[in-house]
K.L.:
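I have a structure I would like to understand better, so I am pasting it below and will then ask my questions one at a time.
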Amino acid sequence: MTNPNPITEVLDPVYLPEWPPTQDELPYDDGEPMESWRHRCQMDLLISTTQTWLQQRPDGFVGGNMFLYYSLEQTRGRNFKGPDYFVVLGVPKGERKSWVIWEQGKGPDVVIELLSPSTA
C-alpha cells in the first residue's frame with residue numbers, strides 16, 4: 001500500500017469545486033479563535049469606525065476575520081485567507097458569508113492584517 005501524495009490529492013478533480021463557486025458553496029469559517037482579546041478589540045474598532053463612515057455613503061462594505069477569495073486556484077488548494085479588516089467601495093451594502101471577488105465584481109480597496117506573535 002502506498003502513501004497518498006498530498007499534492008495530487010489536492011489537484012484531484014474530485015476535490016475541485018464547480019466554476020465558479022459562490023459564497024454559499026465555499027468554506028467561510030475555520031473554527032480558529034482570534035489571536036487575543038486585544039487583537040479582537042483592534043479589529044472591532046476598525047470595523048465599527050468604518051461602518052459609521054459607510055452609513056453616509058450609498059455603497060460599500062467593511063468586513064473582518066472573514067475569508068477573501070481572489071482566485072479559483074486558491075479554492076483548489078483550500079488556501080483560505082481571512083484578513084482582519086478590509087473595505088470595498090462601490091459595491092452594494094449587505095451581509096456576506098465571505099468575500100468572493102468573482103461574485104462581487106471587485107476586490108478590497110484596503111486590507112489590514114493586525115500582527116501578533118502567530119502572524120508576524
Side-chain angles (χ1 to χ4, degrees):
M1 182 170 162
T2 62
N3 290 334
N5 182 338
I7 301 297
T8 56
E9 192 171 288
V10 168
L11 297 177
D12 187 324
V14 171
Y15 294 97
L16 298 181
E18 293 291 322
W19 176 255
T22 67
Q23 63 182 301
D24 291 326
E25 299 163 325
L26 291 165
Y28 58 89
D29 185 6
D30 60 7
E32 295 290 322
M34 293 295 294
E35 286 80 356
S36 69
W37 174 80
R38 179 175 296 205
H39 197 101
R40 179 66 182 200
C41 289
Q42 291 169 337
M43 184 185 76
D44 288 345
L45 178 62
L46 286 167
I47 291 171
S48 64
T49 302
T50 305
Q51 283 174 330
T52 300
W53 178 73
L54 284 175
Q55 288 175 353
Q56 300 171 34
R57 293 179 54 97
D59 59 6
F61 178 81
V62 60
N65 198 34
M66 64 187 286
F67 292 153
L68 194 154
Y69 292 95
Y70 52 85
S71 75
L72 183 60
E73 189 62 35
Q74 174 195 17
T75 66
R76 288 181 174 140
R78 303 197 192 296
N79 182 18
F80 311 124
K81 302 293 181 196
D84 292 319
Y85 167 88
F86 66 94
V87 179
V88 190
L89 301 176
V91 296
K93 293 182 178 187
E95 189 175 334
R96 277 94 167 168
K97 292 179 180 178
S98 57
W99 193 265
V100 182
I101 289 179
W102 55 85
E103 194 175 43
Q104 302 299 328
K106 70 175 286 198
D109 294 293
V110 176
V111 175
I112 295 177
E113 180 67 26
L114 301 166
L115 291 182
S116 66
S118 67
T119 62

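The first residue of the sequence shown is numbered 1, and numbering continues consecutively from there.
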K.L.:
What's the spacing between L114 CG and L46 CG if we round to 0.5 Å?
P.N.:
6.0 Å
K.L.:
Okay, side chain of Q23, backbone of K97: is any donor-acceptor separation there less than 3.5 Å?
P.N.:
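The answer is yes, because a donor-acceptor pair under 3.5 Å joins these two groups.
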K.L.:
Could I get the full list of side chain to side chain donor-acceptor pair (under 3.5 Å) partners for K93, not counting sequence neighbours?
P.N.:
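K93 satisfies side chain to side chain donor-acceptor pair (under 3.5 Å) with no other residue.
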K.L.:
Please identify each residue that fulfils side-chain contact (heavy atoms from CB on, under 4.5 Å) with I47, with sequence neighbours left out.
P.N.:
M43, Q51, V62, Y85
K.L.:
Which heavy-atom pair separates P21 from V100 by the least distance, and what is that distance?
P.N.:
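Heavy-atom minimum between the residues: O-CG1, 4.1 Å.
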K.L.:
Could you state whether I112 and L89 fall into the same hydrophobic cluster, counting links through intermediate Ile, Leu, Val, Met, Phe, Trp or Tyr residues with side-chain heavy atoms under 4.5 angstrom apart?
P.N.:
yes
K.L.:
If you round to the nearest 0.5 Å, how far is CG of L68 from CD of Q104?
P.N.:
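Here the interatomic distance stands at 10.0 Å.
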K.L.:
For K106, give me all partners under side-chain contact (heavy atoms from CB on, under 4.5 Å), at least two apart in sequence or on another chain.
P.N.:
V88, V91, D109
K.L.:
Using the salt bridge (Lys or Arg N to Asp or Glu O under 4.0 Å) rule, collect all pairs that involve residues 45-71, keeping only residues at least two apart or in two chains.
P.N.:
R57-D59
K.L.:
For M66, which residues count as a side-chain contact (heavy atoms from CB on, under 4.5 Å) partner, sequence neighbours excluded?
P.N.:
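Scan of M66 (side-chain contact (heavy atoms from CB on, under 4.5 Å), adjacent residues dropped) gives F61, F86, R96.
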K.L.:
So which atom in I101 and which in P108 form the shortest heavy-atom distance, rounded to 0.1 Å?
P.N.:
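Smallest heavy-atom distance, with atoms named: CD1-CD, 4.5 Å.
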K.L.:
Listed by chain and number, what are the side-chain contact (heavy atoms from CB on, under 4.5 Å) partners of S36, not counting sequence neighbours?
P.N.:
R38, H39
K.L.:
Please check if L54 and V110 belong to a single hydrophobic cluster, counting links between Ile, Leu, Val, Met, Phe, Trp and Tyr side chain heavy atoms closer than 4.5 Å.
P.N.:
yes
K.L.:
Given 3.5 Å as the limit, does a donor-acceptor pair link the side chain of W102 with the main chain of Y69, or not?
P.N.:
no
